[in-house]
Amino acid sequence: MAENIRNIAVLTSGGDAPGMNAAIRAVVRACSFYKLDCTGVYRGYQGLIEADFEKLDARSVRNIINKGGTFLKSTRSMEFKTKKGRKKAYDNLVANNVDALVVIGGDGTFTGGQLFSQEHNFPIVGIPATIDNDINGTDFTLGYDTALNTVVEAIDKIRDTASSHNRLFLVEVMGRDAGDIALNSGIGAGAEEILIPEENLGAERLIDSLRKSKKSGKTSSIIVVAEGEKSGKNIFELAKFIEENLDEYEIRVSVLGHIQRGGSPSCFDRVLASKLGVGAVEALMKGKSEIMVGIHHQKVVHVDLEIAIKDDAKIDNELRRVADITSV
Ligand SMILES: Nc1ncnc2c1ncn2[C@@H]1O[C@H](COP(=O)(O)OP(=O)(O)OP(=O)(O)O)[C@@H](O)[C@H]1O
Ligand SMILES: O=P(O)(O)OC[C@H]1O[C@](O)(CO)[C@@H](O)[C@@H]1O
Ligand SMILES: [Mg+2]
């Protein structure tokens with residue numbers, strides 16, 4: 001047991017994700033269970049720089065397990081990207097007798113956390129939370145399951161109107177660099193085509209494929225497009241391109257946007273958040289640092305932050321195969 005860890009701070013950073021509140025709750029309750037102090041940091045790394053702190057106890061986190069967003073708020077802090085900003089953050093933590101930090105966020109949050117830990121020899125553990133699911137070494141990130149369900153529910157509704165009017169719908173989902181939401185929601189909602197950032201199959205191929213589907217008897221179609229898709233056209237340009245090259249369909253575009261980041265977390269995300277929150281506190285108590293607590297085969301695992309943030313996004317070929325077979 002690391003005797004020097006008596007006060008753990010917790011913050012949320014980067015894009016918010018459903019399940020962040022449940023993770024904060026688990027961190028606070030684990031601190032309380034192990035008789036440690038817990039300090040909440042508002043507004044992510046910016047709050048660390050501005051000492052926007054509040055002591056949290058088990059009762060401070062009541063009635064939040066079911067709430068979307070993050071009650072600690074989140075920011076994308078430019079100042080934390082500077083050495084000076086990180087030094088201010090360190091000074092504030094020391095002045096408030098904080099011994100370790102749990103950061104809940106995505107790859108950027110982990111990159112900043114690792115840098116901070118190395119510069120100031122300060123214990124840090126990360127909890128992966130982003131709807132993008134783009135973190136290495138964990139089967140799932142917090143918020144991803146909820147976001148997927150939100151997207152599938154939305155596309156189901158779009159399908160009703162698409163099929164009533166025999167229309168082709170292009171539906172944009174989030175994922176600047178990662179196609180996990182697009183690929184999985186596309187399969188789950190029965191999309192005809194799924195365009196993701198990890199591969200560029202070309203707009204011409206899309207026209208061919210849509211023509212074939214029309215010939216095979218399809219009267220309406222849904223194409224799921226990840227926002228970071230690589231055809232070089234935005235979704236409206238893509239719609240125009242299809243319109244110019246294919247007369248068979250009337251086309252509409254629907255951009256789902258930030259509804260994907262909100263809403264009450266699914267049970268899966270609440271349980272995951274609870275496991276990872278407890279796991280993060282226990283890891284710090286064991287003297288761990290510069291690691292992420294992730295989930296693999298339902299067990300909490302420790303992954304070096306260095307590995308967690310490695311950008312080697314690959315598509316799941318099996319999912320792509322299933323998508324192609326089930327959309328014939
Ligand atoms: N290279 C870096 N050095 C220092 N801090 C960084 C660095 N990259 C990111 N950060 C800090 O982490 C914050 C969150 O990063 P980012 O905005 O990339 O979101 P994220 O954690 O990747 O989440 P998501 O991609 O899901 O929105 C940044 O605003 C910044 O304060
Ligand atoms: O908060 P912002 O700047 O709108 O970020 C949008 C981005 O954040 C994410 O939702 C991840 O949190 C990406 O999928 C999306 O590209
Ligand atoms: Mg990110």
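All ligand and atom numbering here is 1-based and tracks the order in the structure. Side chains included, hydrogens not; waters and symmetry mates left out as well; all remaining heavy atoms used.
In terms of polar-atom proximity, defined here as any N/O pair under 3.5 Å, Gly105 makes no such contact with ligand 1. Backbone and side-chain nitrogen or oxygen atoms of Thr109 are examined, and one is located within less than 3.5 angstrom of a nitrogen or oxygen of ligand 1.
Less than 4.0 angstrom separates some heavy atom of Gly15 from each of these atoms of ligand 2: 12 (O). Contact atoms of ligand 2 toward His258: 2 (P), 4 (O) (distance under 4.0 Å to a heavy atom of the residue). Residue Gly175 approaches ligand 2 through these ligand atoms, each under 4.0 Å from one of its heavy atoms: 14 (O).
Under the 6.0 Å cut-off for aromatic ring centres, Phe140 and Phe268 qualify, their centroids lying closer than that. Here Tyr42 and Phe53 keep their ring centres 6.0 angstrom or further from each other.
Within the set Gly14, Ser13, Gly108, Gly44, the minimum heavy-atom distance to atom 9 (C) of ligand 1 is found for Gly108. One option in Gly85, Ala129, Gly112 has a heavy atom closer to atom 5 (N) of ligand 1 than any other, and that option is Gly112.
With a heavy-atom cut-off of 4.0 Å, Phe80 touches ligand 1 through backbone and side chain alike. With a 4.0 Å cut-off on non-hydrogen atoms, Leu115 touches ligand 1 through its side chain and not its backbone.
Checking Lys230, Arg320, Arg205 one by one against Glu199, the salt bridge (Lys or Arg N to Asp or Glu O under 4.0 Å) holds for a single residue, Arg320. If you run side-chain contact (heavy atoms from CB on, under 4.5 Å) between Val61 and each of Val27, Asn21, Val28, only Val28 comes through.
We find the CD1-CG distance between Ile104 and Leu276 to be 9.5 Å, quoted to the nearest 0.5 Å.
Nearest to atom 16 (O) of ligand 2 among the protein's heavy atoms is Glu227 OE2, 2.4 Å. Residue, atom and distance of the protein heavy atom nearest to atom 22 (O) of ligand 1 are Asp107 OD1, 2.5 Å.
Of all the N, O or S atoms in Asp107, the one closest to the Mg ion (ligand 3) is OD1.
Using a non-hydrogen distance threshold of 4.0 Å, Gln260 does not register as a contact of ligand 2.
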